[in-house]
Amino acid sequence: MNDDIFAHLRGLIVAALGRILPDLPAEAFSKVVVEPPREASHGDMATNAALVVGKAAKLPPPKLAAQLAEALASLPEVAEATPAGPGFVNIRLEEGFLRAVVPLVLRRGEAFGEGAPKPGRVNLEYVSANPTGPMHVGHCRGAVVGDALAGLLSKAGFDVTKEYYINDAGAQVQALAWASFWRYLEALPRDAHGLWEEGADEAARKAAVEARYGVQLQYGGHYLLPVGQALAEAHGSALLEPSEANLLLIRRFAVERMMEEIRADLAALGVRHDVFVSEAALIEAGKLEEAEARLAAQNLIYRGVLEPPKGKTPEDWEPREQTLFRATDFGDEVDRPLRKSDGSGTYFANDIANHLHKLERGFTQLLHVWGADHGGYVRRMQAAVAALSSREVPLDVVLAQIVHVVKDGQPVRMSKRAGTYVTLADLIEEVGKDAVRFTMLTRKSDAQMEFDLDLVVQQSRDNPVFYVQYAHARARSVLRAAGDPAASELEGADLSHLSDPAELGLIRRMASWPRVVEGAAAAREPHRIAFFLNDLAGDFHLLWNKGKDDTALRFIQDAAPEATKARLALVSAMAVVIRSGLGVMGVTPVEEMR
RNA sequence: GUCUCCGUAGCUCAGCAGGAUAGAGCACCAGAUUCCUAAUCUGGGGGCCGUGGGUUCGAAUCCCGCCGGGGACACCA
């Protein structure tokens with residue numbers, strides 16, 4: 001049997017309907033849904049089968065529902081099936097069938113909930129922070145959402161490659177090179193260049209470099225100081241002349257160091273990508289020209305002048321002839337420039353090369369996690385991928401809204417200048433990787449969220465991180481007290497001892513884990529996992545609390561070894577499902593609190 | 001002006017590819033509890049699901065208009 005008892009029942013229902021209506025084609029049943037009814041008193045499951053099939057069968061749904069209910073009632077899995085409302089069938093499962101979820105979970109372990117392998121290969125790109133400095137909290141949500149989404153898709157049976165695109169070409173890394181050059185000069189003895197007076201402060205040194213070389217130093221961060229030091233140690237004064245070759249060397253060196261830092265930040269967050277793709281390497285390999293040629297071959301490129309943007313026109317706007325891509329053929333609002341008026345490639349063109357590179361590696365589904373400020377970029381990228389793949393490979397983008405960090409009820413401003421620049425490393429150090437990851441997933445990713453530094457470390461019901469971890473720790477504490485019985489030993493327990501509504505409720509919740517995985521993966525909404533775990537923890541805490549009042553409901557009953565064994569099986573299975581869910585989220589379960 | 005996301009309880013948010021009487025936590029009210037199975041528990045009040053239409057057996061959910069809010073809008077990355 002499949003892990004998912006809802007899918008199992010759906011199969012039985014479709015089969016039963018097929019016997020009642022032998023002439024109906026299979027696709028008539030495609031909209032049949034089996035789900036837990038909102039109202040618990042309606043039973044364990046409900047199906048809309050009679051409603052959605054009624055029209056094709058030319059039968060009034062209530063009548064069909066009655067027939068279906070009768071057929072289902074004779075199944076061994078089903079205790080009771082009753083037609084209801086406009087054509088639903090409510091199903092109450094045999095308790096034995098429901099309870100069988102417990103040994104199933106124990107047998108499958110944390111693999112419980114895994115979906116059947118899905119065809120195709122998914123490429124999921126996320127983070128892709130520019131290699132111009134350490135990661136800050138703004139990058140954090142995308143990193144967590146992307147990583148959890150990757151975990152979720154894998155769990156659901158997809159073959160997922162986690163990719164990081166390094167923006168190591170273009171103006172920003174050139175600015176990084178200049179800033180590194182400045183820090184390099186500072187690391188040398190002053191008389192090596194004589195650009196500033198002895199004792200000149202940082203602003204003066206910066207101004208001297210800007211004046212001497214006619215550049216603007218955009219990156220002033222102190223994180224470049226060690227880069228300058230290392231350059232001075234490795235090359236002495238050999239790089240004093242900022243020639244093209246020297247700047248290239250410095251750029252590569254700085255990018256490498258920044259990527260090391262970013263990888264360290266990601267590792268601290270528990271994020272590991274499978275592949276790092278370099279923009280500069282793609283350009284060197286000629287991917288840009290290749291992509292352009294592909295588009296040109298389809299007559300999708302032309303020289304043209306774009307209209308001024310609607311609304312407020314920029315003051316310096318002037319018509320310019322550029323190389324344009326016919327994005328409008330693929331649903332975009334305007335055609336998009338591939339080359340600037342000076343003939344150099346746009347970022348968009350490079351990104352097309354990036355996507356061509358993905359397609360060439362055989363991915364059949366492309367996914368991105370982007371910040372919401374990139375929302376306007378989605379259409380054109382989808383247009384490009386559609387053009388390059390003959391509309392066969394879909395590109396989907398999950399947008400992550402901004403996170404406001406709050407402490408003591410006050411927003412924590414992100415300002416490099418004011419020195420309140422919150423790096424990802426700072427955040428992780430303050431509250432821990434697991435709290436960061438879990439909390440980032442307690443909101444839908446396209447909704448703005450507040451990250452309350454005080455709340456995430458609070459040990460109370462209000463803090464879902466704590467609440468879920470606490471449930472696991474409690475379960476583990478019970479199992480330890482019982483001598484940590486092996487799963488194989490618990491599988492044989494006589495589960496008929498589990499009859500309290502709270503116990504059965506917990507089993508029902510666990511039973512829904514596979515369909516939560518399936519649904520969340522299909523919707524690309526990893527936050528659903530966090531909500532599920534919160535609910536599961538709630539069910540477990542409820543049972544625990546009943547045991548506080550009524551000692552007969554406690555898990556360990558010295559006088560009743562069989563009942564104890566059954567309950568330990570339940571507790572153990574619950575802990576397995578929590579671990580399974582936390583595993584998807586990349587959060588480490590705790591054995592005990594503190 | 002165009003595109004896009006959003007509008008659900010006093011607050012913060014869920015609502016699972018259209019389903020039955022719309023949920024949770026906080027806050028509020030009422031009880032219980034000081035027990036290491038610790039870091040509370042049980043119950044209760046509270047909603048024109050922004051608004052007006054449409055689609056259909058059925059809409060918080062899908063479509064259109066309006067109102068209100070966030071974000072993005074030539075050659076930046």
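Order of the sequence lines fixes the chain letters, A, B, ..., with proteins taken first and strands second; residue numbering starts at 1 for each chain. Not measured: the values here are computed from a predicted model.
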For [X] and [N], give me the distance from atom [atom1] to atom [atom2], rounded to whole Å.
X	N	atom1	atom2	value
Asp446(A)	G71(B)	CG	P	15 Å
Gln216(A)	C76(B)	CD	P	18 Å
Gln382(A)	U4(B)	CD	C1'	12 Å
Asp549(A)	G31(B)	CG	C1'	13 Å
Arg379(A)	A72(B)	CZ	P	17 Å
Arg509(A)	A24(B)	CZ	C1'	10 Å
His374(A)	C5(B)	NE2	C1'	16 Å
Arg524(A)	C5(B)	CZ	P	15 Å

Between [N] and [M], how far is it from one [atom1] atom to the other, in whole Å?
N	M	atom1	answer
A77(B)	G68(B)	C1'	33 Å
C26(B)	A14(B)	C1'	14 Å
G50(B)	U8(B)	P	6 Å
G46(B)	C28(B)	C1'	9 Å
C6(B)	U61(B)	C1'	14 Å
C11(B)	C66(B)	C1'	28 Å
C16(B)	G53(B)	P	25 Å
G44(B)	G1(B)	P	49 Å

### Task
Decide yes or no, distance alone: a donor-acceptor N/O pair under 3.5 angstrom between the base of A24(B) and the side-chain of Asp535(A).
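Between A24(B) and Asp535(A), which were checked side chain against base, a qualifying N/O pair under 3.5 Å is absent.
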
### Query
Is any side-chain N or O of Arg320(A) under 3.5 Å from a base N or O of A74(B), one able to act as donor and the other as acceptor?
yes

For residues 470-479 of chain A, dump all side-chain donor-acceptor pairs below 3.5 Å to protein atoms at least two apart in sequence or in another chain.
residue: Tyr470(A); atom: OH; partner: Arg474(A); partner atom: NE; Å: 3.3
residue: Tyr470(A); atom: OH; partner: Arg474(A); partner atom: NH2; Å: 3.2
residue: His472(A); atom: ND1; partner: Val590(A); partner atom: O; Å: 2.8
residue: His472(A); atom: NE2; partner: Arg579(A); partner atom: NH1; Å: 3.1
residue: Arg474(A); atom: NH1; partner: His541(A); partner atom: ND1; Å: 3.0
residue: Arg476(A); atom: NE; partner: Glu591(A); partner atom: OE1; Å: 2.7
residue: Arg476(A); atom: NE; partner: Glu591(A); partner atom: OE2; Å: 3.3
residue: Arg476(A); atom: NH1; partner: Asp484(A); partner atom: OD1; Å: 3.1
residue: Arg476(A); atom: NH2; partner: Asp484(A); partner atom: OD1; Å: 3.4
residue: Arg476(A); atom: NH2; partner: Asp484(A); partner atom: OD2; Å: 3.4
residue: Arg476(A); atom: NH2; partner: Glu591(A); partner atom: OE1; Å: 3.3

Are [X] and [Y] close enough that a side-chain donor and a side-chain acceptor fall under 3.5 Å?
X	Y	result
Thr328(A)	Asp335(A)	yes
Gln172(A)	Asn130(A)	yes
Asp446(A)	Gln401(A)	no
Asn48(A)	Glu35(A)	no
Ser580(A)	Lys155(A)	yes

### Task
For a side chain to side chain donor-acceptor pair (under 3.5 Å) with Thr323(A), tell me which candidate from Glu292(A), Lys340(A), Arg303(A), Arg339(A) qualifies.
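Exactly one option meets the side chain to side chain donor-acceptor pair (under 3.5 Å) with Thr323(A), and it is Arg303(A).
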
### Query
So what's the dot-bracket for RNA chain B: Watson-Crick or G-U pairs under 3.5 Å, [ ] if a pair crosses, | if it pairs off-strand?
(((((((..((((.....[...)))).(((((.......))))).....(((((..]....))))))))))))....

Determine the contact category for [X]: base if any of its heavy atoms lies under 4.0 Å from a base atom, sugar-phosphate if only primed atoms, P, OP1 or OP2 are that close, otherwise nothing.
X	value
Leu542(A)	sugar-phosphate
Glu318(A)	base
Asn90(A)	base
Tyr377(A)	base

### Query
What salt bridge (Lys or Arg N to Asp or Glu O under 4.0 Å) pairs are there with at least one residue in residues 322-332 of chain A, not counting sequence neighbours?
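Every salt bridge (Lys or Arg N to Asp or Glu O under 4.0 Å) pair that includes a residue of residues 322-332 of chain A, provided the two are not neighbours, is Asp332(A)-Arg336(A).
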
### Message
Show every salt bridge (Lys or Arg N to Asp or Glu O under 4.0 Å) that has at least one partner inside residues 130-140 of chain A, sequence neighbours left out.
### Response
none

Filtered N/O pairs between nucleotides 38-40 of chain B and protein, under 3.5 Å:
residue: A38(B); atom: OP1; partner: Arg474(A); partner atom: NH2; Å: 3.1
residue: A38(B); atom: OP1; partner: Trp544(A); partner atom: NE1; Å: 2.6
residue: A39(B); atom: OP2; partner: Arg474(A); partner atom: NH2; Å: 3.3
residue: A39(B); atom: N7; partner: Tyr470(A); partner atom: OH; Å: 2.3
residue: A39(B); atom: N3; partner: Gln459(A); partner atom: OE1; Å: 3.4

So which protein N/O to nucleotides 10-19 of chain B N/O distances come out below 3.5 Å?
residue: U12(B); atom: O2'; partner: Arg443(A); partner atom: NH1; Å: 3.0
residue: A14(B); atom: OP1; partner: Lys444(A); partner atom: N; Å: 3.0
residue: G15(B); atom: OP1; partner: His527(A); partner atom: NE2; Å: 3.3
residue: C16(B); atom: O3'; partner: Arg528(A); partner atom: NH1; Å: 3.2
residue: C16(B); atom: O2'; partner: Arg528(A); partner atom: NH1; Å: 3.3
residue: C16(B); atom: O2; partner: Arg515(A); partner atom: NH1; Å: 3.3

### Message
Any side-chain to backbone donor/acceptor pair from Gln469(A) onto Phe466(A)? Under 3.5 Å, distance only.
### Response
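Looks like no, no N/O pair under 3.5 Å.
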
### Task
Quick one: do Val144(A) and Tyr126(A) satisfy side chain to side chain contact (heavy atoms under 4.5 Å, CB included)? Show the steps, please.
CA-CA 9 Å; Val144(A) 171; Tyr126(A) 58 106; over 6 Å; no

### Task
Could you please spell out the steps behind the side chain to side chain donor-acceptor pair (under 3.5 Å) verdict for Glu279(A) and Asn350(A)?
CA-CA 7 Å; Glu279(A) 180 183 11; Asn350(A) 289 357; 2.8 Å; yes

### Query
If you find the nucleotide of RNA chain B closest to Leu553(A) and the one closest to His42(A), which residue's nucleotide is nearer the 5' end?
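Its nearest nucleotide being more 5', the pick is His42(A).
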
### Message
By nearest heavy atom, map Ala84(A) and Ser341(A) onto RNA chain B; which one lands nearer the 5' end?
### Response
Ala84(A)

### Message
I want to check a possible cation-pi pair here: Arg567(A) against Phe555(A), using under 6.0 Å from ring centre and within 45° of the ring axis as the test.
### Response
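No, a cation-pi geometry is absent between Arg567(A) and Phe555(A).
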
